[in-house]
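Worksheet: one structure, shown below.
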Amino acid sequence: MTSSTHFGASLPFAISNPDDQRVFEDGAGWKAAMLLVRRKAMMIFLITVLISLAAVPIILSLPKQYSAETRFMVSPTPIFKFAEDATGRMPALDIGAEVERLASEDVVKVVIDQFAIAELSEFNPDLKEDSVAQGLVQRAATVLRKALEDLGIGASPPADLNTQDHDRVTANFRDALSISQVGVSNVVRVGFSSRDPVLAAKVPGAMVAAYLAQSQAHWTSEIAVATDWLESWIAIGRAQLQENEAAFERFRSRSALKSGETEFVAANRLSQIEERLLAVRRERLDIAGVLRSVEAAKANPDLPSLSQPPQFLELRKEHQRELRELEKAASVYGANTSAIAFRKSRIAAITAEISNELSAQEHVLNLRDKTLSLEEDQLAADSQEIRSKLATLQDAGAQLTSLAESLRAHDESLSLLEYRKQSLQSQAQMAPINLDILTSADVPVRPEGVGRKVYLAGASFGGILCALLLAGISELRDRTVRSHEQLSHLPGIVPVGLWPALNATERRMMASDISTLPDATGPSVLRDMLLMLECSNRGAFPKVLTVTSPSHSDSECPIAEWIALQLVAGGRKVQFIEARKNRVPVNLPRTGGKNAATGDTPQLQYRSLSDVAQDLGGNTDKVLSALLKRAKAEDMITIINAPPLLSKGGMHYARVGDGLLLVMGWGRTLRPACDLAAGLLRKLGVHRVFSLITDANPRRHRLYGFTDRLSLARNS
């Protein structure tokens, strides 16, 4: 497209042009942001000032808060440490629990009543002066509630207003109060914030004093409850002790045990029987082992048995010797000799003799085991009998011992309870904890928190952010045409001019300046535009040029009339056709040498298409065709001032002539309207479309980062 030859390379993306297809370069984003700030500098400044001014009354209405605090160390009372070994009671110190007690409802209520906090508007919202709007809302709510109650809707019993007020005052007081433990130490800080510096300094000390008083009262109450509880248990213990003493005396007189001789003899006899029973059981175990060895020896004559007689040893040696001789004879004489047979018979005789001896030993051992079994049963029976006798003898002594132990335990328990009661009564007047004030709360001189200047700076910063946001949104919503580069994606549109905005004088004197002051701003940009149009049209001005715009009020300048006057000033014959209904040319009648009857000059002929068609009684198409044929015959350039393309009947003139000049207003014509017009022209087959942007603001145009500079710089 030829626009690239006129306007150079594309620029980086700008915030106000989101539809542009631009190439990002290093730092392009920051440059676009800075251009946006410069474009919207006045808007950003005004919004920031308005937000800052709106925040000034709110900042001035913020009350000054003063804060003071006291720090103290909590520790058990030293007297309890001295009495710990004697009493066995040492109060446990839990800093978290003490902090909760310090912030308890009882302590807070005492301090609120002491300083009449409920009468201060700072803590009682009912005492605050409501604004006019709040008063109207409250009054309307009261009227509505009363009307609903009269109708029986939503009626409820009236709440306790005093209770509600107290709850709100307490909640506000707690919001201003701060109680915390310093790390993991025994140090506690109590702080308070208020608009009154004196009150802020007095409340922490009053909280500590009320806490001490409440702790002492709670301690005294606990001592009294514990003393009463111990007194009841002491009475029960005394009654139980008397009952145990009477039972002990009754059992001792009923048992009548004179001496412990019988019990001693029975115990000695039981010991002897247990020893003999243990010996019998051991002997039976030994016999069982010997019997198992005899059975093993029967199975294998080579194995010796336990406790075998000496003759068994000689028989086994002889048996082994015969076996060795048998092996030698078998190896020397063979297996079927008489010597071998004799040895075998000898070995069999020895084996039978060993077996007989083992059987005899086994029989003797079985008889001994049976005898010991009978003795074991008798000893077990005697042991059980003596045990029962001994248990009977010991029963009376054990019961007496148990009664004596129980009596002694009850007596010790009763003595301990009486001692604990005396210890508690002695501690009733002592404070449970000891407080060491580390720092006291002084009257603050300076208010806490940031100053009003900081709030104003924050409001200004917020205003700047809001202004930047609104500026960005306004740029994103800007869909108007401000440069030919924004239309570079539309095929077939050739830019021929970008005019600066003309002031009222320049616009009014444009028609006369074309012939008298050709170097003025208006005629200069007009000649540049015509030159670009001729260059884009292969060096020749179109014989028929249709001047139009996308929609109404896109351009308020009479471009078609100025083009006609400029062509006439250049010595060309021009036919000007006004195709817009009810439009009278402003500049053409002012030219000199005009025919009074027809409004024509020797070089310029003006025709109103609707008037001519009405006078001749024909339609506009026939009249327009006749006018164009006449202009061609007389070698005149025809300028058609056509209605907007998107208006009713506007597309009818799009295909008339050799070229179409699309006039757009800088910052007024919408890009979607241009896209729609370009699409319609492409469907109609109109390929020679020239674009002109008028009424541009040179300074702001440069802040958008566009590179097009056609006829934009004003002459000095």
Side-chain angles (χ1 to χ4, degrees), residues 58-77 93-129 165-219 431-458:
I58 300 176
I59 295 174
L60 294 178
S61 64
L62 293 176
K64 296 181 179 180
Q65 291 290 121
Y66 295 89
S67 178
E69 71 173 22
T70 182
R71 297 169 67 248
F72 59 89
M73 181 181 295
V74 185
S75 59
T77 303
L93 181 61
D94 187 355
I95 302 300
E98 298 302 324
V99 169
E100 293 299 327
R101 289 177 182 174
L102 182 58
S104 63
E105 187 71 23
D106 296 336
V107 176
V108 170
K109 185 177 183 303
V110 170
V111 177
I112 289 177
D113 295 340
Q114 178 181 353
F115 294 101
I117 300 296
E119 299 177 3
L120 301 177
S121 60
E122 178 183 358
F123 302 97
N124 192 346
D126 293 337
L127 301 179
K128 295 180 181 179
E129 296 182 359
D165 294 343
H166 174 73
D167 293 341
R168 285 185 293 178
V169 170
T170 303
N172 294 333
F173 181 82
R174 287 185 178 277
D175 292 339
L177 183 67
S178 62
I179 303 174
S180 62
Q181 179 184 0
V182 180
V184 295
S185 63
N186 293 351
V187 179
V188 179
R189 63 173 292 275
V190 180
F192 189 75
S193 299
S194 176
R195 301 175 189 174
D196 185 1
V198 178
L199 180 63
K202 289 182 178 180
V203 167
M207 289 289 296
V208 175
Y211 160 68
L212 286 175
Q214 292 289 336
S215 298
Q216 182 64 44
H218 183 69
W219 175 258
I433 58 175
N434 182 47
L435 296 185
D436 296 327
I437 303 298
L438 302 179
T439 56
S440 58
D442 298 329
V443 178
V445 179
R446 296 180 179 178
E448 66 175 356
V450 297
R452 294 177 176 177
K453 293 181 180 179
V454 177
Y455 283 118
L456 182 59

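Since the model is a prediction, treat every value here as computed from it, not as a measurement.
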For this session: Kindly say whether Ser185 contributes a backbone atom to a donor-acceptor pair with the side chain of Gln181 at under 3.5 angstrom?
Result: yes
For this session: Could I get the full list of ring pair (Phe, Tyr, Trp, His ring centres under 6.0 Å) partners for Tyr211, not counting sequence neighbours?
Result: none
Problem set entry | Non-hydrogen atoms of Leu438 and Met73 that approach each other most closely | CG-N, 4.2 Å
For this session: Please name the pair of heavy atoms, one in Ala441 and one in Ala201, separated by the smallest distance, quoted to 0.1 Å.
Result: CB-O, 3.4 Å
For this session: Please round to the nearest 0.5 Å and tell me the distance separating atom CG of Asp167 and atom CG of Asn172.
Result: 11.0 Å
Exercise. What do the steps show when you test Tyr455 against Ile58 for side chain to side chain contact (heavy atoms under 4.5 Å, CB included), and what is the final call?
Worked result: CA-CA 10 Å; Tyr455 283 118; Ile58 300 176; over 6 Å; no
Problem set entry | Pairwise salt bridge (Lys or Arg N to Asp or Glu O under 4.0 Å) hits with a residue in residues 169-178, at least two apart | Glu105-Arg174
Problem set entry | Heavy-atom side-chain contact between Leu120 and Leu199 under 4.5 Å | yes
Exercise. Do you know which two heavy atoms are closest between Ser75 and Asp436, and how far apart they sit?
Worked result: OG-OD2, 4.5 Å
Exercise. Side-chain contact, heavy-atom cut-off 4.5 Å: Lys109 with Asp113?
Worked result: yes
For this session: Compare all side-chain heavy atoms of Asn124 with those of Ile117 and state whether any distance is below 4.5 angstrom.
Result: no
For this session: Give the intermediate values and the outcome of side chain to side chain contact (heavy atoms under 4.5 Å, CB included) for residues Tyr66 and Asp196.
Result: CA-CA 7 Å; Tyr66 295 89; Asp196 185 1; over 6 Å; no
For this session: Could you tell me which residues satisfy salt bridge (charged side-chain N to carboxylate O under 4.0 Å, His left out) with Arg189, sequence neighbours excluded, listed by chain and number?
Result: Glu69
Problem set entry | Minimum heavy-atom distance Phe115-Ala206, with the two atoms named | CE1-CB, 3.4 Å
Exercise. Between Val111 and Ala210, which heavy-atom pair has the shortest distance, and what is it?
Worked result: CG2-CB, 4.3 Å
Problem set entry | side chain to side chain contact (heavy atoms under 4.5 Å, CB included) between Arg101 and Val107, worked out | CA-CA 8 Å; Arg101 289 177 182 174; Val107 176; over 6 Å; no
Exercise. Does Thr70 offer a backbone N or O that forms a donor-acceptor pair with the side chain of Thr439 under 3.5 Å?
Worked result: no
Exercise. About how many Å separate NZ of Lys202 and OG of Ser194, when rounded to the nearest 0.5 Å?
Worked result: 11.5 Å
Problem set entry | Val203 to Phe173 - nearest heavy-atom pair and separation | CG1-CZ, 3.9 Å
